[in-house]
Amino acid sequence: MESKQRILVTSALPYANGPIHLGHLAGAYLPADIFVRYHRLKGSDVIYICGSDEHGVPIMLRARAEGVSPQDIVDRYHELNKKSFAAFGMSFDFYGRTSSPVHHRTSQDFFRRLNEKNIFIVKKEKQLYDPEAKIFLADRFVRGTCPKCGYEDAYGDQCEKCGSSLSPADLIDPRSAITNAEPVMKETVHWYLPLARFQKKLEKWINEHQDWKPNVLGQIKSWFADGLKDRAVTRDLPWGVSIPEDIAREHGIDASGKVLYVWFDAPIGYISATIEWAEEKGDPDLWKAYWQDQSTRLIHFIGKDNIVFHCIIFPAMLMEHGDYVLPENVPANEFLNLEGNKLSTSRNYAVWLDDYLQKFEPDSLRYVLAGNLPETRDADFSWKDFQARHNNELADILGNFVNRTVTFAHKYFSGKVPPLGELDEMDRQLVEKIKTYPSRLGELIEKYQFKNYIREFMDLARFANKYFNDKEPWKTRKENPQACATTINLCLQTAKTLSIVAEPVLPFTARRIWKMLNVENSQTWDDATKLTLDDGAEIQPAEILFTKIEDDVIQKEIERLQQAGAPNEQKAVEKKETEMERISFDDFKKVELRVATILEAKKVEKADKLLQLQIDLGEEKRQIVAGIAQHYSPEELVGKRIIVVANLEPAKIRGVESNGMLLAASDSEGNLTLLTVDNEIANGSKIS
RNA sequence: GGCGGCGUAGCUCAGUCGGCUAGAGCAGUGGAAUCAUAAUCCACGUGUCCGGGGUUCGAGUCCCUGCGCCGCUACCA
């Protein structure tokens, strides 16, 4: 029909420190797989590349916490995710990983090339260095006392206790998280990608792509509006792709302990995985056709959190390198919520793919998810909806149509395709649908309108049921056997068409229908438009495609989720309590707690959380600032009796003097309530 | 507080460059049919398109503003 297109499709490399959940699938994986499967049926020259992103600090920290090596962590999740993706029907041509030697080499070559072209800015700067471990310390690897709250185990970038963001130099008594040695300031060198310099070029390029999704263009514009900032592409870390030694030497630097920053090497993973794919195919240069021939359509499927990397940073890298194609489109999706709430992996509030696959069929989730993708805005997944769509649409409309047709053919036409006779008006209408639907559905997929594709696909199945009903073959069987034969013939043809156009979203079901109809596994999209089943051809007995999902099964999943947040948090709290540091009574005596009454309260300008309070401490009146504006209004506070730390050293918060601190209790949900006293007692009373 | 996004039927969502009485599926009510997984098919919607202004011959769609929700960000619980 049309000339063969060469298409390279990628899905965001999942980070190998956890399993895959629904949000991932809806954002980057399922749409890409539908797109790719469609193009394969269309006969396009398409390959689909993905893999594990295995570098970066979180993986290191996790390895340390578990007392294993980073490689152990990534091995675990690489295997797990690869397996569950396969079981879900993700049809990657290659699923690589960024810890592979090919990837290390490819990223180093990429870096070397940009270095040769003098793209980078090399900056000398001073950073903390661990003299024992002989490595520079990333912010996260410096621990010390928080200058603001005095917490002794604050991270170099943030204090977990008081939440304030820090830089490692702020810490009092800093120490290395790895060896506990005292870090020293030492000069180091980092390579920066001068994005600011590329902004004009990038804007021009983006302007040529006004057909991209509005949500994607909107995000990009806001980055441009802020002005692009130069970004360091190297890091002093022991886990990652090392800086090529020759380049380090060029700058008189020791390359050891210096790696490419993970955001730099991860997208190059698409290229290295393609190279490995070509090697596996026994044609090592084959990858070049996909990455270096300008006629290739490169399409990145990602979630919205990844837009800046795929629409600005990676394209800038590719442009400056010079040998590669730039993405034709980046159809990023928004986020998927769960039962009306945000997903939270740390609270285990998510539906994990490997867990799902132990209980349900992959096609059910593929269908339900694809029908409710967050294409233009955040969407919501609920188990009740999942059950309804599975039962009402997959089982009742699609499954039942195939079943009633095949069963009928067996019962009254001895399991053979009955002959096609003369067509009446209704028959011709159905044939017309068979002819036109595939190209309409294909267009929708081409335009990344997957939800519309799903809806229209099911409309065709609905029409098929209506046709069956209106033709009443159970009556014509006696009155007009020829008409009956024609009806069943066309219903079988329609089942075949449905199976082909469903393949991108329901690959397993499609194959089961092909088996039932005794047709080859190598159907093409164009076959869907034709009546390819021959008169008299044998078909297999009917098989139930989708079994109904019962209420109690769904109820269990809902309950599991409802409990997921809470118990987990309790565990976290208990853990913290057992790890709690003990203090002496003398330490406690240092804190002077007193009862006070709030006299006045007003909001602090330009701060969401802060209230400025005047309090009566008995012998004196004072002003304090409290971060409780999101939980208490100024009016309701006046007259309240509170507990304050009276001897806290004064501080200025957003320009407002704070002379003391009130006490409040908060839970892990972020609920907050003030501490108060049980009975009347004078202001200024001491608490012990 | 700053920047960005969102607010359409009971529920989940469509509404392309502003243009005919604002749509789909589900749920609900009534009916037809009995080949089929009690499945199917048909009929039925007085929705302040969050509120208020404005631009326009015409606005769910564009502009301003208020409210509510979400994200990023700043701010000692």
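Note on naming: letters A, B, ... go to the chains in the order of the sequence lines (proteins, then strands), and numbering restarts at 1 for each one. Being a predicted model, the structure only gives us computed values, none of them experimental.
The existence of a salt bridge linking A:Asp424 and A:Arg428 is excluded, since no basic side-chain nitrogen approaches an acidic carboxylate oxygen closer than 4.0 Å. Residues A:Asp535 and A:Lys416 are not paired through a salt bridge, judged by the lack of any N-O separation under 4.0 Å between the basic side chain and the carboxylate.
Within 4.0 Å (heavy atoms only), A:Ile488 reaches no atom of the nucleic acid at all. Using a 4.0 Å heavy-atom criterion, one finds that A:Lys475 contacts the sugar-phosphate atoms exclusively. If you check every strand for non-hydrogen atoms under 4.0 Å, A:Ala379 touches sugar and phosphate atoms only. Using a 4.0 Å heavy-atom distance criterion, A:Glu393 is classed as a sugar-phosphate-only contact. Residue contacts for A:Arg462: at a heavy-atom cut-off of 4.0 Å it reaches the sugar-phosphate backbone alone, with no base atom in range. Using a 4.0 Å heavy-atom distance criterion, A:Val406 is classed as making no nucleic acid contact. Residue A:Met661 is classed as a sugar-phosphate contact, given heavy-atom separations below 4.0 Å to backbone atoms only. Across all strands shown, A:Thr376 has heavy atoms under 4.0 Å from sugar-phosphate atoms exclusively, and none from any base. Looking at heavy-atom distances under 4.0 Å, A:Phe335 makes no contact with the nucleic acid at all.
Taking atom CD of residue A:Glu334 and atom C1' of nucleotide B:rC69, one finds them 15 Å apart after rounding to whole Å. Note: CG (A:Asn337) to C1' (B:rC6) measures 12 Å, nearest angstrom. Separating the CZ atom of A:Phe381 from the C1' atom of B:rU12 is a distance of 12 Å, rounded to the nearest angstrom. Rounded to a whole Å, the CD1 atom of A:Ile220 is 20 Å from the P atom of B:rC72. Between the C1' atom of B:rC6 and the CG atom of A:Asn333 lies a distance of 16 Å, rounded to the nearest Å. Rounded to a whole Å, the NE2 atom of A:His390 is 15 Å from the P atom of B:rU37. Put simply, CG on A:Leu444 is 12 Å from C1' on B:rA14, counting in whole angstrom units. As rounded to whole Å, 18 Å separates atom P of B:rC6 from atom NZ of A:Lys342.
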(Q) What verdict does the ring-ring contact (aromatic ring centres under 6.0 Å, His included) test give for A:Tyr467 and A:Phe463, after you've listed the backbone C-alpha separation in whole Å, the side-chain angles of each residue and the deciding distance to 0.1 Å? (A) CA-CA 6 Å; A:Tyr467 171 83; A:Phe463 184 83; 7.2 Å; no
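For B:rC69, the paired base is B:rG5 (Watson-Crick or G-U wobble, both distances below 3.5 Å). Base pairing annotation: B:rU61 forms no Watson-Crick or G-U wobble pair, as no partner gives both donor-acceptor distances under 3.5 Å. As the counterpart of B:rU46, no nucleotide is assigned, since no Watson-Crick or G-U wobble pattern has both distances under 3.5 Å. Judged by Watson-Crick or G-U wobble contacts below 3.5 Å, the nucleotide B:rU40 has B:rA32 as its partner. Across the strands present, B:rA24 finds its partner in B:rU12; the criterion is a Watson-Crick or G-U wobble pair with both atom distances under 3.5 angstrom.
A:His390 places none of its side-chain heavy atoms less than 4.5 Å from the side chain of A:Lys548. With a 4.5 Å cut-off on side-chain heavy atoms, A:Leu343 and A:Leu336 do not count as touching. No side-chain heavy atom of A:Leu593 sits less than 4.5 Å from a side-chain heavy atom of A:Val644.
Around atom CD of A:Glu543, more than 12 heavy atoms belonging to other residues, nucleotides or ligands sit under 6.0 Å away.
Candidate nucleotides B:rC35, B:rA27, B:rU37 were compared by shortest atom distance to the side chain of A:Phe546, and B:rU37 ranks first. When the nucleotides B:rC13, B:rA33, B:rC26 are ranked by their closest atom to the side chain of A:Asn392, B:rC26 comes out on top. If you check B:rU37, B:rC6, B:rC41 against the side chain of A:Leu545, the one that comes closest is B:rU37. Comparing atom distances between the A:Asp380 side chain and each of B:rA14, B:rU34, B:rU12 picks out B:rU12 as nearest.
Aromatic pair A:Phe457/A:Tyr437: ring centres not closer than 6.0 Å.
Nucleotides B:rU73 and B:rU29 place their P atoms 49 Å apart, quoted to the nearest Å. B:rC11 and B:rG58 have their C1' atoms separated by 33 Å, given to the nearest Å. Between the P atoms of B:rC49 and B:rG60, the separation comes to 8 Å (whole Å). Comparing the P positions of B:rG15 and B:rG23 gives a spacing of 15 Å, expressed to the nearest Å. The C1' atoms of B:rC42 and B:rC50 are separated by 36 Å, rounded to the nearest whole Å. Annotation: B:rG19 and B:rA36 have their P atoms spaced 49 Å apart (nearest Å). Going from the C1' atom of B:rC67 to that of B:rG51 covers 7 Å, rounded to whole Å. Between the P atoms of B:rA27 and B:rU21, the separation comes to 30 Å (whole Å).
Contacts between residues 363-370 of chain A and RNA chain B, defined by a heavy-atom separation under 4.0 Å, are absent.
Cation-pi contact between A:Lys342 and A:Tyr349: absent, since separation from the ring centre below 6.0 Å together with deviation from the ring axis within 45° is not met.
Of the two residues contacting RNA chain B, namely A:Lys466 and A:Ala388, the nearest-nucleotide position lying further toward the 5' end is that of A:Ala388. The residue among A:Asp396 and A:Arg455 whose nearest nucleotide of RNA chain B is located toward the 5' end is A:Arg455.
Distance alone, capped at 3.5 Å, is enough to place a donor-acceptor pair between the A:His21 side chain and the A:Gly23 backbone.
Taking side-chain N and O atoms only, A:Arg404 has no distance below 4.0 Å to OP1 or OP2 of B:rU34. Phosphate proximity of B:rA24 to A:Lys451: absent, as no side-chain N or O sits under 4.0 Å from OP1 or OP2. For the pair A:Lys384 and B:rC26, the criterion of a side-chain N or O lying under 4.0 Å from OP1 or OP2 is not met. Between A:Asn403 and the phosphate of B:rU40, there is no side-chain N or O to OP1/OP2 separation shorter than 4.0 Å.
By the 30° and 60° cut-offs, the orientation of the rings of A:Trp474 relative to A:Phe468 is parallel.
Within 3.5 Å, no donor on the side chain of A:Asn400 pairs with an acceptor on the base of B:rU40, nor the reverse.
In this structure, A:Phe408 forms no aromatic stack with the base of B:rC35, since the conditions of centre separation below 5.5 Å and plane angle below 30° are not both met.
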